[in-house]
Amino acid sequence: MPSPGAGTIRLELPDRTTREVPVGTTAEEVLRHWQPASAGSWLAAQLNGEPIDLRRLLASGGRLAPLTFDDPAGRDIEQHSAAHLVAKAVTELIPEAKPTHGPPTEEGFFYDFQMRPLTAEELPALLDRMHESIRRKDRFEREEVSKEEARRLFAHNPHKLRYLAEAPEGAPVSLYRTGTFVDLCRGPHVPDAGWLEGIHLLGFSSIQPETPEPGATFQRVRGVAFPTKPALDAYLKRRAEAEARDHRVVGPRLELFSFTDELPGFPFWHPKGMVVVRELEAFVREHLAEAGYSEIRTPLLYPQATYETSGHWEHYRENMFLTTADERSFGVKPMNCPGSMMIFRSRSRSYRELPMRLAEFAPLHRLEASGTIHGLLRAREFVQDDAHLFVTEEQILPEVQTLFRWIDRAMRTFRLGWSAELSTRPTKFLGDPAVWDRAERILSEVLEQSGVPFKVSPGEGAFYGPKIDIHLRDSIGRSWQCGTIQLDFQMPLRFGLEYQGTDGGLHTPVVIHRVILGSWERFLGVFLEHCAGWFPPWLAPVQVRVLPVTERQMDRVGEVTAELRAAGVRADATDSADTLSKRIREAETAHVPYIAVLGDQELQHDTVALRVHGQKGQRALSRSDLIALVREKVRTRSYDP
RNA sequence: GCCGCGGUGGCUCAGUCGGUAGAGCGUCUCCUUGGUAAGGAGAAGGUCGAGGGUUCGAUUCCCUCCCGCGGCUCCA
């Protein structure tokens with residue numbers, strides 16, 4: 001490739017064509033020349049993969065590409081620009097507010113301020129200010145100043161000074177000016193506020209800053225932005241639909257569970273909900289049987305001494321329900337580990353018994369902070385699909401591989417997307433670093449083999465070992481940790497666990513604490529939102545509802561219902577008091593997947609008219625075919641009825 | 001736990017500028033025997049989250065508490 005002439009730079013565009021332009025040409029000019037028709041959809045550009053402003057004067061060559069709102073990087077630029085607009089409005093209305101930072105988030109953006117609490121009455125004024133800017137199409141202008149000058153400019157704002165201190169010495173820093181508002185910012189930004197037509201504030205709240213300052217209060221304003229109003233409207237519609245799936249509304253309406261003010265955070269499982277829980281348990285127990293687990297039951301209450309051994313007394317006491325009896329202090333167990341350890345320890349063990357896999361589905365109690373309780377997703381009492389695997393170091397790999405196969409199968413059954421997070425050795429850790437390294441390598445290898453996206457959180461592991469967390473999302477996109485696979489080198493030592501190895505010596509096992517679905521509560525909360533209350537047939541509390549057209553068919557309704565039940569199908573029936581349409585509607589709103597109607601025609605041919613959720617119309621089926629159909633869907637755990 | 005907002009029949013909500021409350025759905029009863037998402041009529045059901053204060057009088061105003069919602073922190 002010939003080198004460009006003096007004072008010119010060479011740019012390669014996405015279609016591999018190149019342009020030679022004078023230094024100081026803007027990115028936009030080059031791109032517009034290349035593809036004039038699409039210019040309106042660009043909110044920024046990328047030079048060698050680095051996002052830059054469209055109006056940026058190009059000083060060096062490289063690969064140049066436009067960014068649209070549909071590019072993840074473009075979306076982030078839109079959000080971050082919207083954050084500036086919020087900061088502009090807030091500081092104009094409340095001059096003493098000190099902006100800190102305003103990054104894009106997965107959903108939208110936020111901007112944090114050191115300021116007194118906002119009130120709901122102030123929001124309309126904020127929005128007005130923002131929309132004025134949008135109408136005027138206020139430009140986002142980049143400036144570069146020396147660090148010293150920036151320090152003078154932001155002398156009143158300790159947060160900006162802190163960010164400045166982190167910037168490299170000697171190099172200029174960039175500012176972005178939008179109308180009267182100037183922010184210390186790397187950029188880039190959309191060209192002007194007209195790009196933020198679809199801005200929407202999601203709310204505001206106080207936050208705890210990363211660097212707490214006595215007496216200072218901080219507010220976070222959250223929002224989301226789209227380039228156009230119709231795009232925002234589409235988002236708001238989607239969001240409203242997602243909110244309608246809220247398990248805290250759907251669950252009680254389907255008579256699955258309820259809560260009471262007298263005991264916040266404690267789910268009451270109603271008959272229909274209990275059916276679902278039992279089916280989930282059965283699903284998990286199938287895996288336990290295949291994978292060689294044994295089930296145990298251990299006490300719910302342990303004395304202080306046990307928790308001192310396990311480390312809970314030191315590290316977890318403030319989250320425990322404590323009680324006193326016979327002048328001794330007890331705690332209700334927040335986790336199952338101590339009981340499992342004590343069963344392992346109950347007699348001497350041989351390497352031949354490993355891996356020893358002990359599962360326990362016991363109610364756990366955790367005194368979660370009152371502000372964090374959230375329906376089934378964050379309860380104070382819940383049951384995990386918990387197990388502890390006592391293994392040798394060599395057995396870690398195959399065991400974790402088996403767990404991942406099971407996670408994959410489980411999540412496919414529920415059609416749930418999931419992500420994983422690997423947390424590695426923290427600065428404060430116990431045990432041998434070499435063992436940690438090996439264990440972390442095993443976990444990341446298995447994750448890579450699984451093909452599931454995962455992120456690594458360096459130093460976020462527990463003090464006793466590295467872990468993998470499995471995350472699921474609720475209907476409005478909030479992420480919840482459900483499964484977790486934790487390697488533990490520590491608790492076996494604290495409990496003095498030993499087994500006799502092939503060498504005749506005594507060794508300490510490694511313990512894998514693992515839950516897969518998480519807890520029945522959290523998992524069902526997420527899944528209820530995922531399926532919008534339409535459980536697959538195998539989980540549906542009522543699988544078939546039998547309806548007579550008139551009371552002439554009542555006897556046959558009784559027969560068919562009894563037959564279904566005898567075949568292990570969960571069936572119920574209505575009488576003929578309401579109109580057929582009304583009873584169909586009730587069955588639909590109760591989310592019954594199969595509705596079997598019996599009229600004179602069906603009586604004559606000994607069939608049922610079956611209406612299947614998600615399918616149009618109905619079809620005639622013999623009684624035995626109906627039973628076979630439902631049983632097959634249940635046996636295969638089909639997602640669709 | 002922190003900040004903000006909220007709490008009216010089972011549910012969704014209206015209302016009372018301080019004079020103790022209404023609707024729809026649901027429930028119950030009766031009529032209707034209807035062929036795939038709401039047939040008709042009538043009735044029952046609320047000390048307006050709890051306690052305290054101000055007032056002749058508080059569901060309404062003030063305070064405290066409880067609970068809920070959205071964030072923050074934290075977590076299955």
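A note on names: the letters A, B, ... follow the listed sequences, proteins ahead of strands, and every chain is numbered from 1.
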Answer yes or no: side-chain N or O of [X] and base N or O of [N] forming a donor-acceptor pair under 3.5 Å.
X: A:Arg611; N: B:rA37; value: yes
X: A:Arg366; N: B:rC75; value: no
X: A:Glu602; N: B:rG35; value: yes
X: A:Arg522; N: B:rC75; value: yes

[M] and [N], which share atom name [atom1], separated by this distance in whole Å:
N: B:rG19; M: B:rG57; atom1: P; value: 14 Å
N: B:rA37; M: B:rA41; atom1: P; value: 22 Å
N: B:rG46; M: B:rG15; atom1: C1'; value: 14 Å
N: B:rU20; M: B:rU55; atom1: C1'; value: 15 Å
N: B:rC75; M: B:rU59; atom1: C1'; value: 39 Å
N: B:rU12; M: B:rC69; atom1: P; value: 12 Å

*Measure the acute angle between the ring planes of A:Tyr235 and A:Phe226, then classify it against the limits of 30° and 60° as parallel, tilted or perpendicular.*
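Rings of A:Tyr235 and A:Phe226: tilted, as their planes differ by 30° to 60°.
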Side-chain polar contacts of residues 260-273 of chain A - donor-acceptor pairs under 3.5 angstrom, sequence neighbours left out - could you list them?
unit_1, atom_1, unit_2, atom_2, d
A:Thr260, OG1, A:Glu262, N, 3.2
A:Trp269, NE1, A:Glu521, OE2, 3.3
A:His270, NE2, A:Ser258, OG, 2.6

Compare side-chain N and O positions of [X] against OP1 and OP2 of [N] and report whether any pair is under 4.0 Å apart.
X: A:Arg583; N: B:rG35; value: no
X: A:Lys582; N: B:rG26; value: yes
X: A:Gln481; N: B:rC75; value: no
X: A:Arg478; N: B:rG71; value: yes
X: A:Thr550; N: B:rU33; value: no
X: A:His374; N: B:rG70; value: yes
X: A:Arg248; N: B:rC67; value: no

For [X] and [N], what is the distance between atoms [atom1] and [atom2] respectively, to the nearest whole Å?
X: A:Leu377; N: B:rC69; atom1: CG; atom2: P; answer: 11 Å
X: A:Leu254; N: B:rC11; atom1: CG; atom2: C1'; answer: 14 Å
X: A:Asp385; N: B:rA76; atom1: CG; atom2: P; answer: 13 Å

_What I want to find out is whether A:Arg245 reaches A:Glu241 closely enough, with some N-O distance under 4.0 Å, to be called a salt bridge._
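No.
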*Determine, for A:Glu360 against A:Lys333, whether the closest basic-nitrogen to carboxylate-oxygen distance falls under 4.0 angstrom.*
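A salt bridge links A:Glu360 with A:Lys333.
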Can you figure out which of [options] approaches the side chain of [X] most closely?
X: A:Ala379; options: B:rA76, B:rG26, B:rA37; result: B:rA76
X: A:Ser206; options: B:rA76, B:rG71, B:rG39; result: B:rG71
X: A:Ser581; options: B:rC3, B:rA38, B:rC67; result: B:rA38
X: A:Ser519; options: B:rA76, B:rU33, B:rU36; result: B:rA76
X: A:Glu368; options: B:rU33, B:rG35, B:rA76; result: B:rA76

_Using a 5.5 Å cut-off between ring centres and planes within 30 degrees, is A:Phe382 stacked on the base of B:rA76?_
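Stacked: centres under 5.5 Å apart, planes under 30°.
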*Applying a 3.5 Å limit to both distances, which nucleotide forms a Watson-Crick or G-U wobble pair with B:rG51?*
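Across any shown strand, B:rG51 pairs with B:rC63.
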*For B:rG22, give its Watson-Crick or G-U wobble partner with both distances under 3.5 Å, or none.*
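Looking at the geometry, B:rG22 pairs with B:rC13.
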*Please check if the side chain of A:Arg570 supplies one atom and the backbone of A:Ala540 the other of a donor-acceptor pair under 3.5 Å.*
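Checked: pair present.
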